[in-house]
Amino acid sequence: MSIAHNENLIEIHNVSYAYATELVLKDVSFVVHRGDYLGIVGPNGGGKTTMLKIILGLLTPTSGEVRVFGTPSNRFKHRSALGYVPQNVAGIERHFPATVEEVVAMGRYAQVGMFHRLKKNDYAIIERSLEQVGMANYRQRLIGDLSGGQLQRVFIARALAAEPEVLILDEPTVGVDVHHQEQFYALLRKLNTTLDLTLILVSHDLDIVAKETTELACINQTITYHGSPAEFVESGLVEKVYGPTVQRVAHHHV
Ligand code: ADP
């Protein structure tokens, strides 16, 4: 069964944000529908990470409104519905003596509460999350013994263990080689199409976003584009936003 992409999960209405006096986002509006795979691109310092932090409820807009599942963000309690995969997974502290299963269990605690015991059902969800990312056979491995690509899958499983409805990823393939990047994006595609998981991917890599996502938003203080990824690439806006060297830079690491 395919979904209609018309149910509003996240609504951003005229959001502006300033760190002290520096205006970083100005009058930004867009909607993420259930089932969307939204890529957010834009130049460095354009406000992408700030936008994610606002969606996650970590920052409050200076003006404007954010609604998450129809509820104003500041009153939205079901935080585990928004799964987050951090930047630079490959660079995390690898010597932390935790197994794959323990790291994924941490994601489950986000759902049930830190001081609750995990029950049979929770362990079944942890197992399912490991299977969904193809890491079930590695459950007893120490995370320090994994490749960058495997570690990234574990962090996806950790997010899935909280049973999110939206998965938010901030530059998830920084420091990961091209081969593992391909596998990683194939996994995201599967999560989006077979589990109907809504995805928001922040990336500086236009080629990947144009190829993988169903919607594209370009943020450079304001929303400079929101629509079809293919049309963005054809529109000539790319060079306007990033400057004329972008194509070379974008292809450099493919
Ligand atoms: P992007 O993710 O697109 O690179 P960011 O949202 O990280 O952009 O940053 C947007 C702007 O806000 C940048 O100019 C950055 O220097 C500034 N900024 C980010 N975080 C902070 C902060 N904690 N305090 C002050 N300024 C910040």
Side-chain angles (χ1 to χ4, degrees), residues 10-32 36-68 73-74 79 82-92 152 155-156 159 166-176 181 184-185 188 198-213 215-227 229 232-233 235 237-254:
I10 296 167
E11 296 163 61
I12 313 290
H13 296 292
N14 306 105
V15 162
S16 296
Y17 188 83
Y19 291 102
T21 55
E22 189 195 350
L23 191 64
V24 172
L25 295 172
K26 191 175 156 198
D27 208 20
V28 170
S29 300
F30 63 92
V31 172
V32 184
D36 283 356
Y37 185 170
L38 170 69
I40 299 182
V41 297
N44 253 336
K48 302 183 294 297
T49 301
T50 304
M51 192 68 245
L52 286 194
K53 287 182 177 166
I54 289 172
I55 292 173
L56 288 163
L58 302 172
L59 295 175
T60 306
T62 313
S63 62
E65 190 192 38
V66 176
R67 286 181 167 260
V68 184
S73 181
N74 54 359
R79 287 280 155 211
L82 303 179
Y84 179 62
V85 178
Q87 217 168 31
N88 195 14
V89 164
I92 64 150
Q152 220 171 17
F155 275 83
I156 297 270
V166 183
L167 201 57
I168 297 175
L169 305 110
D170 192 358
E171 299 280 8
T173 52
V174 168
V176 175
Q181 280 193 22
F184 179 76
Y185 287 108
L188 291 188
T198 306
L199 302 180
I200 301 177
L201 167 71
V202 163
S203 175
H204 67 282
D205 193 328
L206 269 175
D207 286 345
I208 285 187
V209 171
K211 182 165 152 262
E212 298 292 337
T213 65
E215 320 276 323
L216 182 147
C218 180
I219 297 183
N220 188 13
Q221 195 179 66
T222 59
I223 286 265
T224 52
Y225 177 89
H226 185 207
F232 178 73
V233 173
S235 68
L237 267 170
V238 178
E239 296 201 354
K240 211 167 146 193
V241 173
Y242 287 87
T245 55
V246 63
Q247 292 302 349
R248 219 186 61 226
V249 174
H251 286 288
H252 188 66
H253 47 89
V254 172

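In this text, all values refer to a predicted model and were calculated from it rather than measured experimentally. Just so you know, ligand 1 is whichever comes first in the structure, and atom 1 is the first atom listed for that ligand.
- Remark: Phe232 engages Tyr225 in a ring-ring contact (aromatic ring centres under 6.0 Å, His included) (not counting sequence neighbours).
- Closest approach of Val41 to Lys48, counting heavy atoms only: C-CD, 3.6 Å.
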Atom pairs, nitrogen or oxygen, ligand 1 to protein, under 3.5 angstrom:
residue, atom, partner, partner atom, Å
ligand 1, 2 (O), Thr49, N, 2.9
ligand 1, 2 (O), Thr49, OG1, 2.8
ligand 1, 3 (O), Gly46, N, 3.2
ligand 1, 3 (O), Gly47, N, 3.0
ligand 1, 3 (O), Lys48, N, 2.9
ligand 1, 3 (O), Lys48, NZ, 2.9
ligand 1, 4 (O), Gly45, N, 2.8
ligand 1, 6 (O), Thr50, N, 2.9
ligand 1, 6 (O), Thr50, OG1, 2.5
ligand 1, 8 (O), Gly47, N, 3.1
ligand 1, 14 (O), Glu22, OE2, 3.0
ligand 1, 20 (N), Tyr19, OH, 3.4

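- For Thr62 (side chain) and Ala18 (main-chain N/O), a donor-acceptor pair under 3.5 Å exists by modelled atom type.
- For the pair Gln221 (side chain) and Gly47 (backbone), a donor-acceptor distance under 3.5 Å is absent.
- One N or O on the side chain of Ser29 and one on the backbone of Asn14 form a donor-acceptor pair closer than 3.5 Å.
- The main-chain N or O of Cys218 is found under 3.5 Å from a side-chain atom of Thr224 such that the two form a donor-acceptor pair.
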